[in-house]
Amino acid sequence: MMFDEHNEITDPILVRLRNLDKLREKGIEPYKKKFVRTHLISEVRKDYENIEPGTETGVRVSCAGRILALRTHGKATFADLKDGSQKIQLFASLNQLGEEEYELFTNLDIGDIIGVEGTVFKTRKGELSIKLEKFEILSKSLRPLPEKWHGLKDVEIRFRQRYVDLIMNEDVKQVFYTRSRIISLIRKFLDEKGFIEVDTPMLHPIPGGATARPFITHHNALDMDLYLRIAPELYLKRLVVGGFEKVYELNRNFRNEGISVKHNPEFTMLELYQAYADYLDMMDLIEELVTYVVQEVKGTLEFEYQGIRLNFNRPWRRLTMVEAIKEIACENVSFETDIETLRQVAKKYGADVKPYYGKGKLITEIFEKAVESKIAGPMIIYDYPVEVSPLARKKEDNPDVVERFEVIVAGREIVNAFSELNDPIDQAKRFYEQVKLAEAGEEETQRFDYDYVRALEYGLPPTGGAGLGIDRLVMLLTDRYSIREVLLFPHLRPEEPEEDPVIERAKNDDEIR
RNA sequence: GGGCCGUUAGCUCAGCUGGCAGAGCAUCGGACUUUUAAUCCGAGGGUCGGAGGUUCGACUCCUCCACGGCUCACCA
């Protein structure tokens, strides 16, 4: 019900629409195009935070921001103003503003965006404030903000209307400042090492570079299906063939898989490739990169993630997959173990063992089910089975495994890296093995990419490559349990449009016109 | 996709074994020139997520649906 028995408007949006109308009746335009401010609120705070209570600086400043609280006391009113940098108290008095302006100020709604001009002073209670001389409504807010004390907690509203979450929850805003910082630190680190950032296609005719189900889309003019990329890997290595010896791409991948606390359909990856390097060089580079970022962001290399103690001091512990299984799960398995035993062990840990799984896949299953989640880390797990690594170079003294490693932190993979397979004949064989697996019924396999093999035929220098999951790194450094907390707009099902009095108003205006 | 849990005023939440729908904040009206979760007086505000069903009677029990959370599976 939007009207009560006295025919008063009770719907909060209608109340605010009425307030908007009142402003327009007074000839005040509530949506301005520009406001020149002299100070960010943080600058005012920085310059005058230390003045004594009761001090009038006489210094004039103009600031702008959103009203988050209003405390009226008859002929004087306090308000909290928040801009992108900080919050400050405003003091408005009838004396200073005059009757008309003062009434306008007390009738502001919480959430309104205003520009102010006044002098800096500190109240007797020691609150740094701006004594208003002038103010201007810059944007009228038509929707009530959540309650000031409990704030916004409803997770669904927080994600659907992230803008409200960001207004209300400073810690959420900090997560995204940190995210931005992490990304720019990574770019800075790689740029200084002589890497160049490149943009390769997001629309792939063949989804490659990873094992995952792709999103399919369609190009109308060419009448062809295209896939949103699942990884940029094959394009980046083509660039190494072309002579870019240090390249990286830091951008989105798309995978048509389940959504969970660790998975979003689109997520951000860093992939980097360095010519004339191998996976051991990648271990060093990744250790250096990650410890640099951790130190810059956390100020220390030892911290807790969700109660798990992490220690990023170098060198990180390095174990082969088989060693890790032995040490952490106390299972003595290897490529020497007969396949039936491997199957039994894998099943024991809950793996869904398919008949066509070879020893390598079974060992990987055992590692993932029995070991991975128990590692605090960071720990480097290396010597991955060739069976699960179709793009990595085989180890010279052991053809069962490849020169590949993953970095595990808090039970999760955050880095995957290897010496790139640069033998075109071997690569073609691996693609054929993937095709055979697909025929055997494996749902997720890599597709045969003829042009990629052709590129290798020209000669890919020995190359080391690595991929780093940015979202997961951000989760670690911001201590967030869910990936949604580090994505500004995590994927959600569409909602039913709610009734919106503002849109109703717009429709009615149209009818009048 | 499976399992478990949740959805009550603008927000945060109560609401017992089925019996008149509640609080705080916000809003509206009034008082108040140093408050800061301002205070004081007064008032209004609900399709109890949606649709069915059981019942004399459903926020409460049952079924289905929607959305969300956690979890398992696929995956990073």
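Predicted, not measured: the structure shown is a model, and the values here were computed from it. Excluded from the calculations below are hydrogen atoms, water molecules and symmetry mates; all remaining heavy atoms, backbone and side chain alike, are included.
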Touch class at under 4.0 angstrom, heavy-atom based, for A:Arg160 against every strand present
sugar-phosphate

B:U7 - base-pair partner by Watson-Crick or wobble geometry, distances under 3.5 Å:
B:A66

pair_partner(B:G1), Watson-Crick or wobble, both distances < 3.5 Å, evaluates to B:C72

So A:Arg158, base contact, sugar-phosphate only, or nothing? Heavy-atom distance under 4.0 Å.
nothing

When rounded to the nearest Å, what value does the distance between C1' atoms of B:U7 and B:C48 take?
10 Å

Assigned partner base of B:U39, Watson-Crick or wobble definition, under 3.5 Å
B:A31

Could you check how far CD of A:Glu127 sits from C1' of B:A38, rounded to whole Å?
13 Å

Of the candidates B:C28, B:C11, B:A38, the side chain of A:His73 sits closest to B:A38

Go ahead and name the base partner of B:U60; Watson-Crick or wobble counts if both distances stay under 3.5 Å, otherwise write none.
none

Does the side chain of A:Asn251 reach to within under 4.5 Å of the side chain of A:Arg229, using non-hydrogen atoms?
yes

Main-chain N/O of A:Lys82 paired to A:Arg66 side chain as donor or acceptor, under 3.5 Å
no

Using the P atom on both, measure B:A21 against B:G45 and round to a whole Å.
14 Å

note: A:Phe91, atom CZ; B:A38, atom C1'; distance rounded to Å ~ 14 Å

Has A:Glu387 got a side-chain atom pairing as donor or acceptor with A:Lys361's backbone, closer than 3.5 angstrom?
yes

Separation between the P atoms of B:A43 and B:C25, rounded to whole Å:
15 Å

Nearest-Å distance for atom pair CG/P, residues A:Asp154 and B:C67
15 Å

Could you check whether A:Lys369 gets within reach of a base, just the sugar-phosphate, or nothing at all, counting any heavy atom under 4.0 Å?
sugar-phosphate

Just name whichever nucleotide pairs with B:A23, Watson-Crick or G-U, keeping both distances under 3.5 Å, else none.
B:U12

Candidate nucleotides B:C28, B:U33, B:C11, ranked by approach to the side chain of A:Arg18 - the nearest
B:C28

Counting side-chain heavy atoms from C-beta on, which of B:G10, B:U33, B:U36 comes nearest to A:Gln89?
B:U36

Separation between the P atoms of B:C64 and B:A76, rounded to whole Å:
35 Å

Applying a 4.0 Å non-hydrogen cut-off, can you work out what A:Leu492 is touching in the nucleic acid: base, sugar-phosphate, or nothing?
sugar-phosphate

Are A:Arg484 and B:C70 close enough that a side-chain N or O sits under 4.0 Å from OP1 or OP2?
yes

Closest nucleotide among B:U34, B:G69, B:A76 to the A:Phe159 side chain
B:G69

Applying a 3.5 Å limit to both distances, which nucleotide forms a Watson-Crick or G-U wobble pair with B:G18?
none

Check every strand shown and say whether A:Glu495 touches a base, only sugar-phosphate, or nothing at a heavy-atom separation below 4.0 Å.
nothing

Does A:Arg493 reach a base, just sugar-phosphate, or nothing at all? Heavy atoms under 4.0 Å.
sugar-phosphate

Test item: A:Asp83 side-chain N/O and A:Gln86 main-chain N/O as donor-acceptor pair under 3.5 Å:
yes

Nearest to the A:Val15 side chain among B:U27, B:A38, B:A76, which nucleotide is it?
B:U27

Whole-Å distance, A:Phe78 CZ to B:U36 C1', equals 8 Å

Applying a 4.0 Å non-hydrogen cut-off, can you work out what A:Asn256 is touching in the nucleic acid: base, sugar-phosphate, or nothing?
nothing

Do A:Glu147 and B:G24 share a donor-acceptor pair, side chain to base, under 3.5 Å?
yes

d(CG, A:Asp112; P, B:U27) in whole Å:
11 Å

Roughly, in whole Å, what's the span from CG in A:Leu68 to C1' in B:A26?
14 Å

With C1' as the reference atom in both, quote the distance from B:C13 to B:G46 in angstrom, rounded to an integer.
15 Å

When all nucleic acid strands are considered with a 4.0 Å heavy-atom cut-off, which category describes A:Gly54: base, sugar-phosphate, or nothing?
nothing

Residue A:Ser482, side-chain heavy atoms: nucleotide from B:U36, B:U27, B:C70 that is nearest
B:C70

Select base, sugar-phosphate, or nothing to describe what A:Gly469 touches, counting heavy atoms under 4.0 Å on all strands.
nothing

Please lay out, stage by stage, how A:Tyr102 and A:Asn95 fare under the test side-chain contact (heavy atoms from CB on, under 4.5 Å).
CA-CA 9 Å; A:Tyr102 182 72; A:Asn95 283 353; over 6 Å; no

Identify whether any heavy atom of A:Ser260 sits under 4.0 Å from a base atom; if not, whether one sits that close to sugar-phosphate; answer base, sugar-phosphate or nothing.
nothing

Watson-Crick or G-U counterpart of B:U54, or none if no pair lies under 3.5 Å:
none

Please measure how far the P atom in B:G15 lies from the corresponding atom in B:U8, and state the result in whole Å.
14 Å

Rounding to an integer number of angstrom, what distance separates B:G18 and B:C62 when you compare their C1' atoms?
13 Å

So, do A:Asn253 and A:Pro232 sit near enough that their side-chain heavy atoms are less than 4.5 Å apart?
yes

Between A:Arg412 and A:Tyr305, do the side chains contain an N or O donor and an N or O acceptor separated by less than 3.5 Å?
yes

Which nucleotide in the set B:C11, B:A37, B:A26 lies at the smallest distance from any side-chain heavy atom of A:Trp149?
B:A37

Residue A:Phe267, side-chain heavy atoms: nucleotide from B:C28, B:A76, B:A26 that is nearest:
B:A76

Are the ring centres of A:Phe448 and A:Phe431 closer than 6.0 Å?
yes

Sidechain N-carboxylate O distance under 4.0 Å for A:Lys140, A:Asp112
yes

Rounded off to whole Å, could you give me the CG-to-P distance for the A:Asn169 and B:U12 pair?
10 Å

Suppose you measure atom C1' in B:G24 against the same atom in B:A9; what distance do you get, rounded to whole Å?
12 Å

Think A:Lys148 has a side-chain N or O under 4.0 angstrom from the OP1 or OP2 of B:C11?
no

Tell me the interatomic distance from A:Lys153, atom NZ, to B:C11, atom C1', rounded to whole angstroms.
10 Å

